[in-house]
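Structure, as C-alpha cells:
In what follows, every chain begins at residue 1, and chains take the letters A, B, ... in the order their sequences are listed.
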Protein chains: 2
Amino acid sequence: MVGVNEKTATRTRVADAVYERLREMIFTGELAPGARLSVPALAESLEVSRSPVRDAVLRLVQERLAREEPRRGAVVARVGTAELASIYEIREVLEGLAARLAVENAGRKLVRALKEALDEHEAAMRTADLAASTEADLRFHRLIREAAANPELVRLLDDVQTQVRLAMRTTTVTAGPRQAIDDHRAILTAIESGDATAAEQAARAHIFRLRTVLLQQTEAGE
Amino acid sequence: MVGVNEKTATRTRVADAVYERLREMIFTGELAPGARLSVPALAESLEVSRSPVRDAVLRLVQERLAREEPRRGAVVARVGTAELASIYEIREVLEGLAARLAVENAGRKLVRALKEALDEHEAAMRTADLAASTEADLRFHRLIREAAANPELVRLLDDVQTQVRLAMRTTTVTAGPRQAIDDHRAILTAIESGDATAAEQAARAHIFRLRTVLLQQTEAGE
DNA sequence: TGGCCGGAGTTTACATGCAAACAGAAAGAT
DNA sequence: ATCTTTCTGTTTGCATGTAAACTCCGGCCA
C-alpha cells in the first residue's frame with residue numbers, strides 16, 4: 001500500500017501546482033520566513049494568472065504556512081520557539097495515540113517493517129549518513145501512524161510535521177540521533193509485546209525528549 | 001476574557017460573511033449533509049458575486065465541513081460513525097493534554113470558574129433545561145482548554161468540535177448527562193488537587209465514556 | 001420495449017477588469 | 001534641517017467573462 005490514491009479526473013489544476021510550488025519554495029528556503037507573498041508578483045514570476053495564485057496563497061494561510069499581514073498581503077510564517085514548543089506538546093499525545101492504536105490494530109507485519117526501518121536507521125547512523133538516517137527515522141514514525149488506521153490522526157500529524165519543517169527553516173535543530181534510536185527501540189519493544197499502554201508511554205516519552213532537546217538548543221542559540 | 005480578538009481593519013469582508021452564513025446554514029440543518037454547494041446558486045441566493053462564495057466554499061472544504069465531489073461541486077460533508085469514532089479517539093488525548101496543561105499553568109481562578117460552570121450544569125440538569133445544560137457543559141471544557149495556554153491546541157479542539165457538531169446533524173447523540181456531571185466533578189477534583197497526571201486521566205476517561213455511549217447509540221440507531 | 005446517443009444546461013477553474021485602501025517616497029512648508 | 005503632506009504605485013477583494021468538461025435528460029434507433 002504505497003502509491004495510494006489515484007486522483008480522479010482532475011489532471012493539472014493550476015492552483016494545485018502553484019500551491020505545491022510555493023510549499024517547495026518555502027521548504028527549500030527560496031521563500032524565507034517573513035517573505036512577502038504578493039499575488040501579482042508571484043503570478044508573473046510563475047507565469048499564471050492571479051486567480052490560482054490567490055487560491056494557493058489562501059490555502060497556505062489556512063494551513064498556517066503563511067500569515068496575513070494587515071494590508072501588505074500574506075507573508076511566509078515564522079514559527080518561533082514558543083509555538084514550536086506548543087506543537088511538540090500536541091505531537092507528544094498524538095504520537096502516543098498512534099502507538100497505542102497501532103498495537104491495537106496491527107499484526108506481525110508492522111513489527112517486521114518497524115524492525116527494518118530501525119535497522120536501516122542504525123546502519124545509517126554508523127556510517128554517518130544523515131540523509132538516510134533522517135529518512136529511516138521518518139519512516140519509523142510514518143509506519144506507526146499508518147498502522148493506527150485513523151485517517152484524521154494521520155492528517156493531524158502531517159500538519160504537525162509541516163509546522164515542524166517550517167520551524168526548521170528558522171531554527172536549526174538536530175535531535176540527538178543516539179537517543180532517538182534508543183527511544184525507537186523502546187517503542188518497538190512495547191509494540192512487539194502487545195502492550196498498548198506501554199507503547200503509548202514510550203512514544204510520548206520519545207517526543208517529550210525531542211522537545212526537551214529542542215528547547216535547550218533554541219534557548220542556547222537565541 | 002470573552003469578546004476576544006478585535007479584528008484589525010478588515011471590516012466587512014464579504015467572503016467571511018458568506019463563510020459564516022454557510023456554516024450557520026450547515027449547523028442549523030438548512031443545508032443538510034449531502035446538500036450541494038453550488039457556487040452560482042449560492043451566489044444568487046445570497047446576492048453576492050461568485051468570487052466570495054467560491055472562497056467560502058473552498059474554505060469549508062479545507063475545514064472538512066464540505067467535500068469535493070468529482071464533478072458535481074462541493075457537498076456538505078457527511079460524518080459517519082467510523083469517522084466520529086476516529087475523531088473521539090483524538091479528542092480523548094487532546095482533552096487529556098488540555099487538562100494536564102491547565103493544571104500546570106492555572107491557578108485558583110480556573111478552579112473557581114470551573115466550579116461555577118459545574119454548579120450551573122447541575123442546576124440546569126435538575127430543572128431539565130437542556131440548552132443551559134449544554135451551554136454549561138461546553139463552557140466547562142472551554143475553560144480548561146483556554147487555561148492550557150496552548151493556542152494550537154485550542155484550535156485543534158475547536159476543529160474537533162466542529163466535526164462533532166456536524167456529525168450531530170446526521171446522528172442524534174445525547175450523551176448521558178448524569179455521567180457527564182460525575183466525570184466533570186472528577187476532573188475538577190483532580191485539577192484542584194494539582195495532580196496533572198490525574199487530571200489528564202480523568203479528562204481522557206470522560207471523553208472515552210462519551211465515545212462509548214456515542215458508539216452504542218449510533219450502532220443501535222443505524 | 002430497451003439501450004444508446006446527442007444536446008442542453010450546469011459546473012468548475014482560470015483570466016481579467018476595477019475601485020478602494022493603503023504604503024512609501026518625494027516635494028513643500030515652516 | 002525637520003516635519004507634514006500629497007502623489008504615485010501596489011495591493012487586496014470583488015465582479016464578471018469564458019472555455020472545457022461533465023451530468024442528466026429526452027428522444028431516437030434497433
Discussion item. Can you pull out the residues from residues 57-67 of chain B that lie within a 4.0 Å heavy-atom distance of DNA chain C?
Written reply: none
Response to the item:
Applied to residues 134-167 of chain B, the ring pair (Phe, Tyr, Trp, His ring centres under 6.0 Å) test, sequence neighbours excluded, yields B:Phe140-B:His184, B:His141-B:His184, B:His141-B:His206
Fill in: Contact state string [nucleotides 14-20 of chain D, B base, S sugar-phosphate only, - no protein heavy atom under 4.0 Å]
SBBBB--
Worksheet entry | Residues that A:Gln161 engages under side-chain hydrogen bond (donor to acceptor under 3.5 Å, both in side chains), provided they are two or more places apart | A:Arg145
Discussion item. Expressed as a whole number of angstroms, how long is the span from B:Glu68:CD to C:dT11:P?
Written reply: 15 Å
Worksheet item: Is the CZ atom of A:Arg67 crowded by more than 12 outside heavy atoms at less than 6.0 Å?
Response: no
Item to complete: Decide if atom CZ of B:Phe208 counts as having more than 12 heavy atoms of other residues, nucleotides or ligands within a radius under 6.0 Å.
Response: no
Mind listing the side-chain donor-acceptor pairs of residues 102-115 of chain B below 3.5 Å, one per line with the distance, residues two or more places apart or on another chain?
| unit_1 | atom_1 | unit_2 | atom_2 | d |
| --- | --- | --- | --- | --- |
| B:Asn105 | ND2 | B:Leu101 | O | 3.4 |
| B:Asn105 | ND2 | B:Ala148 | O | 3.0 |
| B:Lys115 | NZ | B:Glu192 | OE2 | 2.8 |

Item to complete: Please report, rounded to the nearest Å, how far the P atom of D:dT10 is from the CD atom of A:Glu44.
Response: 11 Å
Worksheet item: Is the number of heavy atoms from other residues, nucleotides or ligands under 6.0 Å of A:Arg155 CZ greater than 12?
Response: yes
Worksheet item: Please, which pairs that meet salt bridge (Lys or Arg N to Asp or Glu O under 4.0 Å) have at least one residue in residues 30-53 of chain A, sequence neighbours excluded?
Response: A:Arg21-A:Glu30
Response to the item:
For A:Arg169 and A:Gly29, the nearest pair of non-hydrogen atoms, with its separation, is NH1-CA, 3.6 Å
Item to complete: May I have the distance from B:Arg36 (atom CZ) to D:dC22 (atom C1'), rounded to whole angstrom?
Response: 11 Å
